[in-house]
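As C-alpha cells, the structure follows; a few thoughts come after it.
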Protein chains: 2
Amino acid sequence: MEEAKGARSARSGGASAESHHPAACDGALAKAFTFLGKRWNGVILATLQHGPLGYAELRRAVEGISDSVLSERLSELSAAGLTLREVKTGPPITVRYRLTPDGTALMPILGELAGWASRHLPDTPTVSRRGSHG
Amino acid sequence: MEEAKGARSARSGGASAESHHPAACDGALAKAFTFLGKRWNGVILATLQHGPLGYAELRRAVEGISDSVLSERLSELSAAGLTLREVKTGPPITVRYRLTPDGTALMPILGELAGWASRHLPDTPTVSRRGSHG
DNA sequence: GCCGCACGCTCTGTTTTTAGAAGCGACATG
DNA sequence: CATGTCGCTTCTAAAAACAGAGCGTGCGGC
C-alpha cells in the first residue's frame with residue numbers, strides 16, 4: 001500500500017494510510033477496512049454466518065438496506081472472494097449467497113467485535129452519521 | 001437495538017439489522033459497525049494506538065483524509081468515548097487526541113483484523129467503492 | 001389461459017456523506 | 001513586518017447511499 005501514497009486516490013486513500021508516516025496504521029488493517037468500512041458489508045457477512053441465504057432473505061434480514069446497495073455489495077463481496085453466489089437450476093431455480101472460507105475466517109473476529117461493542121460502546125447511539133452497519 | 005426496527009432510520013438502519021429476522025446479525029455487532037463502518041474511523045483509532053497525536057499529525061498520518069471529515073470523526077469518536085481530546089494550556093497551546101481505555105480495548109481486535117486481511121483478502125483492490133479505510 | 005405472488009435483480013432521481021480547497025484567529029519565528 | 005504551523009471551520013463539488021419503481025422469470029391457484 002505504500003505505493004498508493006502518490007496516487008492519493010480517494011478510494012484507496014485509506015489503504016495508503018500506512019504510507020511513510022511513522023504513526024500511520026497497518027496497511028493490512030487499512031485493507032480490511034476497504035470492505036468493512038463500507039456500509040452494510042459487516043452486517044451482510046455476519047448475517048451469512050449461519051448459512052446461505054437468497055437475495056430476498058438477505059434483504060429482509062439486513063433491515064434497512066436498499067435493493068441497489070445490497071446488490072452492489074453482494075457483487076463486491078463475491079468479487080473479493082468473501083462470498084459465493086450459488087445457482088441451483090431447480091426447479092425451482094434458486095440463487096443463494098454463502099460465505100467462502102475466507103469470509104468464514106472473519107467470523108470469530110466479528111464475534112470479538114460484538115463483545116467489545118457490548119462492553120465499550122455507549123448504549124445511546126451517539127454517532128451522528130450513518131454507521132456503515134447500523 | 002430491536003426497538004430501532006420501527007424507526008427505519010437510515011442512520012440506525014444497520015443497527016436494527018438484528019430486528020426479528022432469524023438470520024439477522026447481532027445487535028452489538030451492528031452497533032460496532034456504527035463506528036467502524038464509517039470511513040476513516042478504524043484507521044484513525046489504529047493510528048492513535050501508539051500514543052496521542054495532534055490534529056495536524058493525524059491529518060498527515062491518515063493519508064487521504066480531508067480536514068472536514070477528520071474534524072467530524074474526531075468529534076464523534078470523542079463523543080462516543082473512544083478518544084479523548086486533551087488541551088495543554090502551554091505555551092505553546094497544544095491539542096492532542098488519545099485513545100480512551102474503551103478505544104484501546106479495540107486494538108487487539110484490530111490486530112486480528114489486520115492478520116485476517118493479510119491472509120484472506122485479495123492483494124488487488126477489487127473493491128469498487130471507497131473503503132472507509134483504504 | 002389469466003392473475004397474483006415471490007424472486008433476483010436493475011434503473012433513476014434524491015439525499016447524505018465525503019472530498020477538496022479556501023479560509024480564519026492564535027501563536028511562534030526570523 | 002512576513003511567513004509558517006496549528007486547530008479547526010466553511011463552502012462547493014463529487015461520490016456514495018437511499019428510496020422507490022420497475023422488469024423478466026417462474027410458480028401456483030383459479
Side-chain angles (χ1 to χ4, degrees), chain A residues 7-14 16-17 33-35 37-44 52-78 83 85-97 127-134, chain B residues 7-14 16-17 33-35 37-44 52-78 83 85-97 127-134:
Chain A
R8 183 63 188 268
S9 162
R11 287 300 175 67
S12 58
S16 63
F33 278 110
T34 299
F35 291 94
K38 292 174 67 84
R39 191 166 190 195
W40 301 118
N41 271 344
V43 176
I44 291 171
L53 293 172
Y55 176 92
E57 285 174 313
L58 265 172
R59 175 77 164 79
R60 286 188 294 266
V62 185
E63 191 158 324
I65 194 170
S66 65
D67 268 321
S68 48
V69 170
L70 178 57
S71 178
E72 177 76 23
R73 290 289 177 278
L74 289 172
S75 178
E76 290 160 7
L77 291 172
S78 293
T83 60
R85 179 176 176 272
E86 291 178 323
V87 181
K88 293 193 177 180
T89 52
I93 295 184
T94 65
V95 178
R96 283 193 178 170
Y97 295 86
V127 56
S128 60
R129 281 294 182 76
R130 47 189 296 225
S132 81
H133 317 307
Chain B
R8 182 67 189 264
S9 165
R11 287 302 174 66
S12 58
S16 61
F33 278 110
T34 297
F35 291 95
K38 293 176 65 87
R39 188 162 194 197
W40 300 119
N41 271 344
V43 177
I44 291 171
L53 293 171
Y55 177 93
E57 285 173 313
L58 265 172
R59 176 73 165 81
R60 286 187 296 266
V62 184
E63 190 158 326
I65 192 170
S66 64
D67 269 321
S68 46
V69 170
L70 178 57
S71 178
E72 176 75 22
R73 291 291 180 275
L74 289 172
S75 178
E76 290 161 4
L77 291 172
S78 293
T83 62
R85 180 176 176 273
E86 292 178 325
V87 181
K88 293 195 177 178
T89 53
I93 293 184
T94 63
V95 178
R96 283 194 179 168
Y97 295 87
V127 54
S128 59
R129 281 292 181 75
R130 48 188 294 225
S132 80
H133 318 311

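Letters A, B, ... are given to chains in the order of the sequence lines, protein chains preceding strands, and every chain is numbered from 1. What's counted below: heavy atoms across the whole structure, side chains too, no hydrogens, waters or symmetry copies.
Atom CD of Glu72(B) is separated from atom P of dT9(D) by 9 Å (rounded to the nearest Å). The CZ-P distance, from Arg73(B) to dC8(D), rounds to 16 Å in whole Å. To the nearest angstrom, P of dT5(D) lies 14 Å from CG of Asp67(B). Note: OH (Tyr55(A)) to P (dC7(C)) measures 12 Å, nearest angstrom. Atom pair Ile93(B):CD1 and dA26(C):P shows a separation of 10 Å (rounding to whole Å applied). Atom-to-atom, CD1 of Ile65(A) to C1' of dG20(D) comes out at 15 Å; the value is rounded to the nearest Å. Atoms CD (Glu76(B)) and P (dT16(C)) sit 16 Å apart, rounded to a whole Å. Spacing between atom CG of Leu70(B) and atom P of dA19(C) amounts to 11 Å, rounded to whole angstrom units.
Under 4.0 angstrom from either OP1 or OP2 of dC6(D) there lies at least one side-chain N or O belonging to Arg60(B). The side chain of Arg85(B) contributes an N or O atom lying less than 4.0 Å from OP1 or OP2 of dC8(D). At the phosphate of dA19(C), OP1 or OP2 sits under 4.0 Å from a side-chain N or O atom of Arg39(B). Residue Tyr97(B) places at least one side-chain N or O closer than 4.0 Å to OP1 or OP2 of dC8(D). For Ser71(A) and dT10(C), the shortest distance from a side-chain N or O to OP1 or OP2 is below 4.0 Å.
For the pair Ser68(B) and Gly54(B), both in contact range of DNA chain D, the more 5′-proximal nearest nucleotide belongs to Gly54(B).
Two residues are said to be in side-chain contact when any heavy atoms from C-beta on lie closer than 4.5 Å; Glu86(A) and Val95(A) fail this criterion.
Distance alone, capped at 3.5 Å, places no donor-acceptor pair between the Tyr55(B) side chain and the Tyr97(B) backbone. In terms of modelled atom types and a separation under 3.5 Å, the side chain of Glu72(A) and the main chain of Val69(A) share no donor-acceptor contact.
Relative to the side chain of Pro91(B), the nucleotides dG8(C), dC6(D), dA28(C) differ in distance, and dA28(C) lies closest.
On a pure distance criterion of 3.5 Å, no polar donor-acceptor pair joins the side chain of Ser66(A) and the base of dG20(D).
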Side chain to side chain contact (heavy atoms under 4.5 Å, CB included) between Ile44(A) and Thr83(A): does it pass, once the steps are laid out? CA-CA 10 Å; Ile44(A) 291 171; Thr83(A) 60; 5.6 Å; no

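When every heavy atom of Arg39(A) is checked against every heavy atom of Arg73(A), the shortest pair comes out as O-NE, 2.8 Å.
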